[in-house]
Amino acid sequence: MSPHAPGRRRVHRCLAAALPFALLSAFAAAGGAQAAPARDDGPGNPPAGTARVVRTATLGDIPLGAFSNALLPGTVDDDRGVDLGGIGSDVYPAGRPGEFWTVTDRGPNGQVKVDGTKRRTFPVPGFDPAIVKIAVRGDTVRVLDAIPLTTSSGKPVTGLPDQAGRDEAPYSYDGRTPLSYNPNGLDTEGIVRAGDGSFWLVDEYGPSLVHVSARGKVLVRYVPQGLGLTGTDCPVVEALPSVLLHRKINRGFEGLAQLPGGDLVMALQSPLSLPDEDAGDASRTTRLLRFSPRERAVTAEYAYRFDPVDVVDPSEDDTSELKISSVVAVGGDLLLVEERTDKAARLQLVRLQRGANILGGRWDDATASPSLEQLDDPAAQGVPVLAKRLVVDLGTVDGVPGKIEGVARVDARTLALVDDNDFGMTDGADAFDAQGRLVDSGVETTVTYVRLPHAI
């Protein structure tokens with residue numbers, strides 16, 4: 001048993017005491033029946049040689065206020081009818097079959113036009129991002145444990161934006177009332193668990209790499225050089241390349257992998273806005289970074305090239321919709337990289353070649369002209385773009401939901417996929433009714449097991 005287990009049990013008891021009896025099944029103890037292995041070919045299944053869905057499980061309805069206040073009492077005074085969701089930002093195996101660590105993003109948020117201008121809304125501003133341990137039991141996803149993210153003094157980090165002028169201004173659910181920025185705010189996305197029981201997360205705001213204790217306290221937040229983030233209640237270290245200051249709004253780090261030796265690989269969700277937003281929106285070149293926890297420094301940077309958007313998603317023609325949402329270590333320096341839109345996704349196998357390191361070169365100079373993002377064919381210009389090989393086109397696999405953001409390796413031929421249901425929110429004035437209660441989208445959080453035709 002982990003030496004950190006007693007702390008997690010205390011959180012679990014608090015949850016059980018705070019939630020109505022009807023919700024307790026979602027927080028069942030981990031000692032229940034183990035999830036059955038992925039099913040093999042059978043009647044009605046696609047033929048061998050094609051990827052197929054072999055299991056789907058769904059998270060039940062858990063009121064967000066009850067969930068949050070059980071972890072940190074008094075943080076949510078009105079959840080506006082929102083249920084727990086958003087845990088599909090990433091997924092990482094927890095050791096036992098069918099069990100995974102997941103992480104929420106910044107919480108319920110959307111966009112609404114006010115006087116012709118789009119505003120970013122946070123209908124539950126007290127929501128605190130959390131690490132959530134889940135178990136797949138039959139066709140149900142159960143919450144086994146939850147760990148709130150807190151600052152050095154134990155306060156919730158919240159999911160509110162960090163800095164005026166760099167992040168979107170936050171507003172109330174209807175876009176009418178300005179909310180305060182929070183320099184401790186995190187838009188968490190990727191998650192891995194270290195051998196000592198602590199966690200590593202990535203964040204879109206900074207973008208940041210965040211080391212978190214086993215009980216959820218932010219130990220250190222690594223951000224780009226020159227960010228100048230002040231007023232924080234946790235250590236902040238400017239250890240990442242300054243070129244990352246040009247990340248697109250809401251498109252910072254989204255994928256995180258832990259290599260066998262302990263190094264971390266972070267993926268920028270989208271190309272940098274270099275020299276401007278138009279160039280970033282049109283680009284198909286984003287970046288992966290390798291970070292050494294031992295050295296507390298970035299040790300390598302790689303150019304990653306998306307496939308054309310209509311190859312990833314035949315229904316899409318907007319290149320800016322391309323994103324990396326998950327990276328998964330599969331041995332040595334090999335990664336699975338998920339290229340996606342909100343409707344389709346493809347998994348590529350990539351090797352991090354030593355000779356492909358561009359760290360500290362001209363492409364890290366924000367004044368370089370043309371920028372890396374402006375090159376139509378970076379390889380033809382001498383840029384060592386990472387080679388890749390398609391493993392599976394999830395858009396062609398029946399039963400895979402949209403907006404897959406979390407990918408985990410179950411075994412050599414089976415993947416667990418988790419979708420981000422955005423807490424059931426949609427954009428626009430109709431997201432909430434006249435009483436300010438959520439009009440739920442009906443999209444559920446699901447864990448989908450996909451069996452591949454060949455081992456990775």
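In this chain, numbering begins with 1 at the start of the sequence shown.
- Closest approach of Asp393 to Val397, counting heavy atoms only: O-CG2, 3.6 Å.
- Remark: Arg340 pairs with Ser325, Asp342, Glu405 by the side chain to side chain donor-acceptor pair (under 3.5 Å) rule, at least two apart or across chains.
- Of the listed residues (Ile131, Ile134, Asn421), just one forms a side chain to side chain contact (heavy atoms under 4.5 Å, CB included) with Ile87, and that residue is Ile134.
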Which donor-acceptor pairs under 3.5 Å do the side chains of residues 264-275 make with protein atoms, sequence neighbours left out?
from, atom 1, to, atom 2, distance (Å)
Gln269, NE2, Glu254, OE1, 3.3
Ser270, OG, Arg251, NH1, 2.7

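- Look at Arg287 and Glu373 and you find a salt bridge, because one of the NZ, NE, NH1 or NH2 atoms lies within 4.0 Å of a carboxylate O, short of that distance.
- With hydrogens and angles left out, the side-chain atoms of Ser315 and Asp313 include a donor and acceptor closer than 3.5 Å.
- The pair Asp427-Lys118 fails the salt-bridge criterion, with no side-chain N (NZ, NE, NH1 or NH2) lying under 4.0 Å from an Asp/Glu carboxylate O.
- Using a 4.0 Å cut-off between charged nitrogen and carboxylate oxygen, Asp167 and Arg106 do not count as a salt-bridge pair.
- Listed here is the closest heavy atom pair of Gln435 and Asp433: N-OD1, 2.9 Å.
- In this structure, a donor-acceptor pair under 3.5 Å is present between the side chains of Asn182 and Thr158.
- The aromatic rings of Trp200 and Tyr222 sit parallel to each other, their planes meeting at less than 30°, with 60° as the upper class boundary.
- The two residues Ser152 and Val218 make their nearest non-hydrogen contact at OG-O, 4.2 Å.
- Pairing each heavy atom of Val439 with each of Phe432, the nearest pair is CG2-C, 4.0 Å.
- To the nearest 0.5 Å, atoms OG1 (Thr445) and CG (Asp420) are separated by 7.5 Å.
- For Tyr92, the ring pair (Phe, Tyr, Trp, His ring centres under 6.0 Å) test picks out no residue, with sequence neighbours left out.
- Heavy-atom contacts from other residues, nucleotides or ligands closer than 6.0 Å to NZ of Lys217 number 12 or fewer.
- Crowding of Lys155 atom NZ: a count of heavy atoms from other residues, nucleotides or ligands under 6.0 Å not exceeding 12.
- To the nearest 0.5 angstrom, Arg290 atom CZ is 5.0 Å from Leu259 atom CG.
- In terms of heavy atoms, Gln258 sits closest to Ala194 at OE1-CA, 3.7 Å.
- The residues Glu99 and Arg142 are annotated as not salt-bridged, no charged nitrogen and carboxylate oxygen being separated by less than 4.0 angstrom.
- The environment of CG in Asp376 is sparse: at most 12 heavy-atom neighbours from other residues, nucleotides or ligands sit within 6.0 Å.
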